[in-house]
Amino acid sequence: MATVLIADDASFIRSTLKFIIEGAGHKVIGMANDGLEAVQMYKDLKPDIVTLDITMKIANGGIMALKEIMAYDPKAKVLMISAMNTENLNQETARLGASGYIKKPFNIDEITAQIKKLSEKS
Amino acid sequence: MSNEQPDFSCFIDDYMRDAQECFREIRSSLIDMKKDSTKVEKFEPIRGGFHTIKGSSIILGFEEIGNFARTCEEKVKQIQCAPVTNEALDELSKMTDQLEAILETKVEKVRKPESVQKTETIVKSEGEIKTNEKIPDKLALFTIQDRQYAFALDSVERVIRAVEVTPLPKAPENVLGVINMHGRIIPVLDIRMLFKLPPEEIMPHHQMIILHTPDRDAAIVVDNVSGVMESPRITEPDTVFPEIEYLKGIINENTITLILDINKITTCGGKLDI
């Protein structure tokens with residue numbers, strides 16, 4: 001069981017991700033509305049895994065939050081969420097330290113497999 | 001891996017709230033740009049709003065809305081590439097109105113499904129119209145002895161593999177015993193007896209449906225839970241079935257599906273008080 005922080009500016013996405021992640025037996029310990037909140041909550045809650053929406057539009061997007069979280073904790077396990085399934089973007093977030101990405105529309109199997117894989121990594 | 005999109009319509013209120021916020025932001029940015037077309041940074045919240053609506057709509061399976069939001073997003077990118085004109089902003093404003101209209105219509109439909117609105121009354125075979133309980137819009141299908149039945153999906157708490165039932169010495173004859181589900185003691189009703197079917201030993205391949213009603217919780221043993229369906233044409237139960245007193249309606253399409261009356265089942269037709 002992993003502890004997870006979800007960061008997305010859309011409450012619908014936060015709710016569906018929470019539903020999927022908790023349905024797979026993990027614990028969502030926090031939900032952030034924007035990048036700044038995500039960074040602060042990461043520091044406060046120290047989750048095992050973070051999901052970050054790439055395109056959070058208010059107060060610091062997902063990419064900036066990724067950079068700040070990785071700077072604070074280089075071992076952070078971050079999954080980027082995006083509807084933009086572009087190779088360039090995935091390479092960019094991987095270069096910045098993201099452990100993987102989840103594309104929209106959501107595939108429950110894919111999300112749970114990614115969370116499971118990351119939760120098993122020491 | 002399954003590519004089937006799960007049903008997230010239970011989060012429709014979150015979706016609507018997000019969409020309303022996006023529309024507010026898009027309109028406010030459009031107004032700012034009409035006042036001062038050099039404020040090109042205002043394109044970002046407009047594009048972002050359409051992008052959010054697109055992503056959530058596709059996850060909900062609202063393809064039409066998702067595709068239209070994508071068109072709007074592309075329109076923003078197109079307008080960004082040329083000098084901004086009032087005509088272009090007006091067109092974007094019009095597209096925003098259209099998107100909001102189809103989104104609101106869709107959300108309204110999901111919140112009040114047509115099948116529920118239309119089934120306030122059921123026409124009896126004699127031609128008399130009686131007011132009846134609403135027929136559910138989603139049904140959980142299952143089989144017992146090769147016959148397909150259905151319960152209202154919202155009365156089904158969960159489906160589990162059949163587990164051992166602990167008999168109760170002084171239980172009514174319609175109760176097989178109880179199961180312990182995470183500390184909750186749930187009576188298991190003998191639905192085969194209610195339906196006048198021969199008794200059958202509970203086997204591991206059977207499934208248990210845990211039912212939840214405002215009055216009580218109960219479990220029944222079934223051969224197989226076959227899925228969920230939207231409720232199509234439904235007619236009143238006929239007298240050809242021995243289990244008639246427990247029926248709420250019948251779907252007669254390719255297969256006959258008998259919709260069970262949850263309250264009658266959990267009280268064994270009013271004969272049970274547990």
Side-chain angles (χ1 to χ4, degrees), chain A residues 6-25 28 31-37 51-65 79-86 89 100-117, chain B residues 1-26 28-29 41-67 69-74 76-77 103 106-107 110-111 158 182:
Chain A
I6 295 170
D8 202 298
D9 55 5
S11 71
F12 170 77
I13 301 293
R14 293 196 300 273
S15 300
T16 49
L17 272 176
K18 183 172 189 280
F19 177 79
I20 294 169
I21 291 168
E22 290 190 339
V28 173
M31 297 209 282
N33 292 308
D34 58 55
L36 284 179
E37 201 176 32
T51 70
L52 276 183
D53 178 35
I54 290 185
T55 55
M56 281 185 288
K57 50 190 181 292
I58 312 164
N60 199 346
I63 300 270
M64 285 305 291
L79 280 174
M80 304 306 288
I81 312 272
S82 178
M84 297 180 296
N85 183 21
T86 66
L89 199 60
Y101 73 94
I102 295 168
K103 62 179 183 298
K104 297 177 201 165
F106 292 148
N107 177 311
I108 292 184
D109 293 341
E110 194 182 317
I111 296 172
T112 50
Q114 292 237 38
I115 299 273
K116 184 170 183 279
K117 197 173 107 188
Chain B
M1 280 189 190
S2 150
N3 286 319
E4 196 177 319
Q5 191 60 20
D7 182 6
F8 292 123
S9 55
C10 52
F11 301 122
I12 194 80
D13 291 338
D14 289 304
Y15 169 77
M16 192 62 198
R17 262 195 306 276
D18 290 341
Q20 284 166 340
E21 178 60 36
C22 289
F23 287 127
R24 261 195 300 275
E25 210 166 330
I26 290 167
S28 142
S29 299
E41 72 277 6
K42 291 286 176 188
F43 273 125
E44 194 42 41
I46 298 173
R47 194 204 56 76
F50 290 133
H51 181 82
T52 298
I53 293 170
K54 176 187 74 179
S56 300
S57 302
I58 291 171
I59 288 171
L60 265 172
F62 298 168
E63 293 292 330
E64 187 195 358
I65 303 170
N67 289 337
R70 181 182 289 116
T71 306
C72 296
E73 197 181 352
E74 281 161 7
V76 176
K77 289 179 191 166
L103 191 144
K106 182 71 184 177
V107 168
V110 170
R111 281 177 174 160
R158 64 171 64 186
H182 308 302

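Per chain, numbering begins at 1; letters A, B, ... match sequence-line order.
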Rounded at 0.5 Å granularity, tell me how far CD1 in B:I58 sits from CZ in A:F106.
11.5 Å
Applying salt bridge (charged side-chain N to carboxylate O under 4.0 Å, His left out), name anything that partners B:K42, two or more places apart in sequence or on another chain.
B:D32
Looking at every heavy atom in both B:T52 and A:A10, which two are closest together, and how far apart are they?
CG2-CB, 3.9 Å
Give, for atom NZ of A:K104 and atom CD1 of B:I59, the distance between the pair rounded to the nearest 0.5 Å.
5.5 Å
When rounded to the nearest 0.5 angstrom, what distance separates CG in A:D53 from NE2 in B:H51?
6.5 Å
Please identify each residue that fulfils side-chain contact (heavy atoms from CB on, under 4.5 Å) with B:F11, with sequence neighbours left out.
A:F12, A:S15, A:T16, A:F19, B:F8, B:D14
Counting heavy atoms not belonging to A:E22, are there more than 12 under 6.0 Å from its CD?
yes
Tell me the closest heavy-atom pair linking B:S56 and A:I13, and the distance in Å.
OG-CD1, 3.8 Å
